[in-house]
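The structure under discussion appears below in the form of structure tokens.
Remember, predicted model here, so these are calculated numbers, not experimental data. Lettering follows sequence order; numbering is per chain, from 1.
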There are 2 protein chains.
Amino acid sequence: MLINELAKLSGLSKRALRYYDEIGLLTPSDTGDNGYRQYNVTDIDRLQQILFYRELDFKLEEIQRILDAPDFNVNEALRKQHEMLEQKRNYLDGLIITIQNTIQVMEGETTMTNEQKFEAFKNKMIEDNDKQYGEEIRGKYGEEQVLASYGKLKNMTEEQYESVNQLEQMLFERLKEAMVGGDASAEVAMEVAELHKRWLSFYWAKYTPQAHAGLAQMYLHDERFTAYYDDRVGKGATQFLHDAILEYVK
Amino acid sequence: MLINELAKLSGLSKRALRYYDEIGLLTPSDTGDNGYRQYNVTDIDRLQQILFYRELDFKLEEIQRILDAPDFNVNEALRKQHEMLEQKRNYLDGLIITIQNTIQVMEGETTMTNEQKFEAFKNKMIEDNDKQYGEEIRGKYGEEQVLASYGKLKNMTEEQYESVNQLEQMLFERLKEAMVGGDASAEVAMEVAELHKRWLSFYWAKYTPQAHAGLAQMYLHDERFTAYYDDRVGKGATQFLHDAILEYVK
DNA sequence: CTTGACCTTCTCGTTACGTTATCCTTTATA
DNA sequence: TATAAAGGATAACGTAACGAGAAGGTCAAG
């Protein structure tokens with residue numbers, strides 16, 4: 001069988017098959033004197049094995065190791081791969097939550113009514129909680145326990161929501177005070193930044209100084225945010241907050 | 001500020017900073033006549049923006065576009081990024097399920113008692129169902145509905161489990177018949193492969209011919225599987241099943 | 001004998017740097 | 001003031017798994 005035929009049969013590109021030959025993953029058993037690659041049944045068998053592992057996102061090098069060691073522990077390889085994939089997914093989950101929250105902060109802050117904000121906040125808390133502990137709790141205690149936990153959370157959220165609002169109010173007040181001195185590196189300015197961090201931590205699963213600083217920058221460059229803080233605290237408040245945060249994370 | 005200082009401050013490597021300069025993402029505002037890169041406050045500001053987006057897994061090229069177009073729609077960019085990340089995660093989810101099932105098939109098949117198998121099967125069905133429809137149902141109908149759905153599933157699984165077992169019995173019988181002729185490409189052999197596919201589909205969320213063929217190969221190369229089929233159907237059964245499947249997916 | 005459909009072997013481009021290697025400038029110490 | 005250490009610079013190769021394209025050889029058909 002020539003390369004074109006195998007390519008069509010397997011769904012791989014001819015380039016890929018040549019590459020597999022190049023790295024020694026799939027060397028055609030026969031090469032005529034015209035230089036053409038001739039694949040036979042054994043090669044097809046091997047390719048099918050390759051495709052199987054490739055579909056599970058194994059690296060080609062790893063596949064090669066598996067196929068070339070006949071007594072390789074396939075089960076362990078599958079487990080390790082499984083673990084790696086889960087790590088990747090957890091990483092992505094973290095990113096997704098952070099970006100969701102960023103979006104929420106960005107537009108929720110400026111367009112939602114107070115009730116809507118509370119609803120969104122509540123749903124988010126429930127959702128997060130379910131993602132983190134849902135399976136665990138379900139596994140350990142069964143369904144009833146999960147529902148009970150939800151109930152508790154529903155009762156708690158209103159309190160928590162209040163504390164977030166209080167935090168923001170405190171932020172406004174301290175910010176107003178701090179601006180009098182005009183020094184964004186003064187101690188009171190650091191308290192402002194600290195408050196902002198605590199407020200932010202209600203929305204962000206993973207806090208990092210970089211992200212904090214980045215958000216501060218966005219505040220400055222997005223007029224909706226500038227308006228938000230300047231309206232509530234006074235002209236120049238966003239700028240000052242920005243400077244304080246940058247000092248804080250330095 | 002020289003490059004070393006900025007590197008330590010930002011956590012990036014010097015090489016990375018030079019690279020950012022090279023691609024024009026972060027060009028130091030001043031370069032002394034000794035050729036040293038001099039970063040000032042504006043540069044730090046920009047770098048902080050860069051780190052913010054980088055943390056969300058944006059590509060450097062995309063970050064550059066965002067930062068260099070002052071009226072860029074940040075919100076839309078975040079949304080698109082969010083969508084992309086979710087796609088990646090969904091892809092990973094698929095992989096993880098497939099690999100989990102593969103592991104389960106590989107070792108469950110050989111070491112578990114019948115009751116254990118049923119328990120595992122039931123739990124898996126519940127789990128899968130929850131993953132696929134759980135959030136959706138919860139969102140639409142609330143908690144009670146979810147529990148109801150679980151109850152239905154719990155009642156159904158025993159039946160389904162039976163049908164899986166029946167399928168496997170049929171597979172054994174047809175396989176025995178087919179082996180008489182000895183032709184792995186005969187029509188009856190194709191029926192055997194078809195049965196095996198249907199049986200497999202109870203365990204695999206996503207069926208592909210490649211994976212099917214790959215599993216057949218594993219059957220052949222793993223003595224636990226060879227023993228399993230050879231014991232139940234007769235000597236050479238695994239080999240014949242393998243051949244039939246390869247014919248079938250061709 | 002030419003055309004078209006194959007085949008071959010290069011080589012570059014992709015992403016975001018890590019890792020040398022070689023050389024130049026500044027700073028600290030003897 | 002000579003020298004050594006620290007830190008700066010450019011340049012080039014390597015990474016994973018191919019895609020794209022160039023330049024040229026082979027084969028069957030008309």
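B/His242 and B/Tyr229 have their aromatic ring centers separated by at least 6.0 angstrom. The six-membered or imidazole ring of B/Phe72 lies away from that of A/His221, with a centre-to-centre distance of 6.0 Å or more.
When each of B/Tyr36 and B/Lys59 is assigned the nucleotide of DNA chain C bearing its nearest heavy atom, the one mapping closer to the 5' terminus is B/Lys59.
Remark: the B/Glu86 side chain and the B/Asn90 side chain contain no N/O donor-acceptor pair separated by less than 3.5 Å.
In this structure, B/Lys197 forms a cation-pi arrangement with B/Tyr207, its terminal cationic atom sitting closer than 6.0 Å to the ring centre and no more than 45° off the ring axis.
From the 5' end on, the contacts that DNA chain D makes with chain A at under 4.0 Å to a non-hydrogen atom open and close at D/dA17 to D/dC27.
Residues from residues 4-26 of chain B that place a heavy atom under 4.0 Å from any atom of DNA chain D, listed by number: B/Asn4, B/Lys14, B/Arg15, B/Arg18.
Residue A/Arg37 places at least one side-chain N or O closer than 4.0 Å to OP1 or OP2 of C/dT8.
The aromatic rings of B/His212 and B/His196 lie parallel to each other, their planes meeting at an angle below 30°, with 60° marking the opposite boundary. Classified by interplanar angle (parallel below 30°, tilted 30° to 60°, perpendicular above 60°), the ring pair B/Tyr219/B/Phe225 is parallel.
Just one residue in the list A/His82, A/Glu83, A/Gln81 forms a side-chain contact (heavy atoms from CB on, under 4.5 Å) with A/Leu85, and that residue is A/Gln81.
As a whole-Å value, the separation of B/Gln38 CD from C/dT26 P is 11 Å. Note: CG (A/Leu2) to C1' (C/dA5) measures 12 Å, nearest angstrom.
Counting only distance, with no hydrogens or angles, the side chain of A/Gln38 and the backbone of A/Met1 share a donor-acceptor pair below 3.5 Å.
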